[in-house]
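We're numbering straight along the sequence, starting at 1.
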Amino acid sequence: MKTLVILGAGTAGTMLVNRITRKLDKKEWKIIQVEKEQNHYYQPGFLFVPFGVYKPTDVYKPVRKHIPSGVDFINSEIEAIDPQNNKVTLVKDKQALKYDYLVIATGATVRPAETEGLQESGWRKNIFDFYTPDGAEALGKFLESWQGGRLVVNIAEMPIKCPVAPLEFIFLADWFFTKKGIRNKVELVYTTPLSGAFTKPKASAMLGNVMAQKNIKVEPDFAISDVDGSKNVIHSYDGREIEYDLLVATPVNMGAPVIERSGLGDDLYFIPTDKFTLQSKNWQNVFVLGDASNIPASKAGAVAHYSTGVVLENLLAHMNGEEMPEKFDGHANCFIETGFNKASLIDFSYDVEPLPGKYPVPGIGPMTLLGESVINHWGKLGFKYLYWEILMRGWGVPLPEKLSMAGKKTD
Ligand SMILES: Cc1cc2nc3c(=O)[nH]c(=O)nc-3n(C[C@H](O)[C@H](O)[C@H](O)COP(=O)(O)OP(=O)(O)OC[C@H]3O[C@@H](n4cnc5c(N)ncnc54)[C@H](O)[C@@H]3O)c2cc1C
């Protein structure tokens, strides 16, 4: 028997284990999956928890629910990965797992301790994040009784998971306070290390316009140096100071601590990975899927989804001593909730920036690219069902996994 070990059973690890179980000969291959959590979180749902659209209990399910039978599933923290000796050690019983092939899908974590002062006096009092289940829940409780003031959203540094999530947060905040009748008492300020609302020019211009329409002030090129919770101010390295009454922080995102402990990552603990084959740059029998890699694609569930087929086919080919057939194109798409029951949609890749148009049927849609629509909003909310019932069971959607130019306006 040969052994495939999959590390992590979040978005990427769960999709892969379901798909690969159907392909590998059970008489020849043993599949082991290791995950530390009891619950699998639907992270896109964290955005809606502070505004009461979802309850904290709406965004998770037991992790084992989506693990197929026949997989040796181990609920344990991974202590270390030792690719030189094809070995993984676990915290539980100090167990050592030997493998023939390894897939690392340990994701990215937020690291508030990386920003000076962020976790000091105001943390979870008037400073919150919504990138963790407890952060989103605590922020929701705070917002129930907040009477207004200056709400500052900050992105500490790129890359972050779902780069549009902080934008969506501030758009929803505009809607939430309008609905509560206190929008005139709330000043909304968006501070970002980017030079505009988003990384890509056309999307940045479109989203910048939405910000202006909603009277949200953008403070670009703001590289945060520290938070002074005693004075309720944040500072940037170039000497700017911004006051807040409520700070919604998107802390530094880094690879999982186990990647740091095992010495496998770059300076942000993301694993050097070939951006086309998704094979580790250092170890031929190791593939990296989802947020754990350092490929220059968005850290997004959509990217994990579109790249699962690439890892699957390349892994199977490599196991059979064949040339790897698949090349990942960096395909990502994401609904951007803009408030008042509307959303936008972006669809892009390594080479193609988000463009306006219709998706998925050219000229018809029903989704609108780089424009706001009610149908996009229902697409965003409907995605939760698709996530649990289709994607996490390892089934596909009848849309191309590679970026398609059909329906996109290029001029
Ligand atoms: C607020 C927010 C909004 C988002 N919105 C969207 C969106 O609208 N669209 C979109 O496409 N994406 C969105 N994302 C991003 C998306 O959730 C992630 O990109 C996706 O979950 C990545 O999948 P992954 O499997 O790589 O990582 P994860 O799903 O994070 O899974 C990693 C798993 O590895 C486990 N693990 C890590 N270390 C260890 C260890 N030492 N031992 C054992 N297990 C370990 C973790 O417990 C976890 O279960 C959002 C994320 C956030 C935070």
Side-chain angles (χ1 to χ4, degrees), residues 11-12 15 19 44 47 161-165 167-168 171-172 194 196-214 275-276 278 290 295-310 312-313 325-387 389-391 395-411:
T11 308
M15 285 189 286
R19 290 178 69 175
L47 170 71
K161 299 196 241 196
C162 191
V164 296
L167 276 169
E168 295 181 282
F171 292 151
L172 282 176
L194 301 174
F198 192 57
T199 46
K200 321 265 175 172
K202 285 199 167 68
S204 190
M206 180 260 163
L207 293 164
N209 283 339
V210 179
M211 291 280 210
Q213 282 158 20
K214 294 182 187 296
K275 71 176 193 172
F276 297 121
L278 305 178
I295 62 169
S298 283
K299 302 226 170 278
V303 168
H305 165 56
Y306 293 127
S307 54
T308 296
V310 175
L312 177 72
E313 295 307 326
E326 283 292 334
K327 277 194 169 170
F328 185 50
D329 64 350
H331 188 196
N333 49 24
C334 191
F335 290 107
I336 307 172
E337 204 48 32
T338 50
F340 299 92
N341 297 335
K342 287 192 180 163
S344 183
L345 176 64
I346 49 175
D347 189 46
F348 57 107
S349 68
Y350 289 141
D351 298 328
V352 178
E353 69 166 313
L355 295 168
K358 290 288 179 185
Y359 181 88
V361 185
I364 295 175
M367 314 289 180
T368 306
L369 293 169
L370 266 196
E372 292 176 87
S373 84
V374 174
I375 291 183
N376 288 350
H377 164 71
W378 290 113
K380 173 103 188 173
L381 291 186
F383 189 74
K384 182 158 153 279
Y385 176 85
L386 187 82
Y387 183 88
E389 301 306 327
I390 312 280
L391 300 179
W395 301 115
V397 280
L399 291 172
E401 294 200 336
K402 297 251 184 304
L403 181 97
S404 162
M405 290 304 287
K408 296 191 171 66
K409 290 188 194 142
T410 48
D411 46 12

- [ ] I would like to know whether His377 and Phe335 meet side chain to side chain contact (heavy atoms under 4.5 Å, CB included); could you show each step before the answer?
- [x] CA-CA 8 Å; His377 164 71; Phe335 290 107; over 6 Å; no
Nearest-0.5 Å distance, [atom1] of residue [X] to [atom2] of residue [Y]:
X: Met211; Y: Ser204; atom1: CE; atom2: OG; result: 9.0 Å
X: Ile375; Y: Leu345; atom1: CD1; atom2: CG; result: 12.0 Å
X: Met206; Y: Phe198; atom1: CE; atom2: CZ; result: 11.5 Å
X: Lys342; Y: Asn376; atom1: NZ; atom2: CG; result: 10.5 Å
X: Met15; Y: Thr308; atom1: CE; atom2: OG1; result: 4.0 Å

Are the side chain of [X] and the backbone N or O of [Y] linked by a donor-acceptor pair below 3.5 Å?
X: Tyr350; Y: Lys275; value: yes
X: Ser344; Y: Gly371; value: yes
X: Lys402; Y: Lys327; value: yes
X: Glu353; Y: Lys202; value: yes
X: Ser349; Y: Val352; value: yes
X: Glu337; Y: Glu168; value: no
X: Asp347; Y: Leu369; value: no

Looking only at non-hydrogen atoms, find the nearest pair between [X] and [Y] and report the distance.
X: Gly339; Y: Leu172; answer: CA-CD2, 4.1 Å
X: Val310; Y: Phe276; answer: CG1-O, 3.7 Å
X: Pro360; Y: Leu399; answer: CB-CD2, 3.4 Å
X: Leu207; Y: Ala197; answer: CB-CB, 3.9 Å

Task: Evaluation steps, side chain to side chain contact (heavy atoms under 4.5 Å, CB included), between Asp329 and Glu401 - done: CA-CA 9 Å; Asp329 64 350; Glu401 294 200 336; over 6 Å; no
Task: For Cys334, all residues meeting side-chain contact (heavy atoms from CB on, under 4.5 Å), sequence neighbours excluded - done: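 By the side-chain contact (heavy atoms from CB on, under 4.5 Å) rule, Cys334 matches Cys162, Val164, Ile346.
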Open item on the list: Going by side-chain contact (heavy atoms from CB on, under 4.5 Å), name the residues that satisfy it together with Ala332, two or more places apart in sequence or in a different chain.
Closed with: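 For Ala332 the side-chain contact (heavy atoms from CB on, under 4.5 Å) partners, ignoring immediate neighbours, are Ser298, Val303, Phe348.
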- [ ] Would you please name every residue forming a ring pair (Phe, Tyr, Trp, His ring centres under 6.0 Å) with Tyr306, sequence neighbours left out?
- [x] His331
Open item on the list: Checking Lys358 against Thr368 for the side chain to side chain donor-acceptor pair (under 3.5 Å) test, could you report, in this order, the C-alpha distance in whole Å, the side-chain angles of both residues, the deciding distance, and whether it holds?
Closed with: CA-CA 5 Å; Lys358 290 288 179 185; Thr368 306; 3.2 Å; yes
Open item on the list: What verdict does the side chain to side chain contact (heavy atoms under 4.5 Å, CB included) test give for Leu381 and Trp378, after you've listed the backbone C-alpha separation in whole Å, the side-chain angles of each residue and the deciding distance to 0.1 Å?
Closed with: CA-CA 5 Å; Leu381 291 186; Trp378 290 113; 3.8 Å; yes
Task: Other residues, nucleotides, ligands: >12 heavy atoms within 6.0 Å of Lys408 NZ - done: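 Counting neighbours around NZ of Lys408, more than 12 heavy atoms of other residues, nucleotides or ligands fall under 6.0 Å, so yes.
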Task: Side chain to side chain, Lys409 and Leu370, heavy atoms closer than 4.5 Å - done: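 No; the side chains remain at least 4.5 Å from each other.
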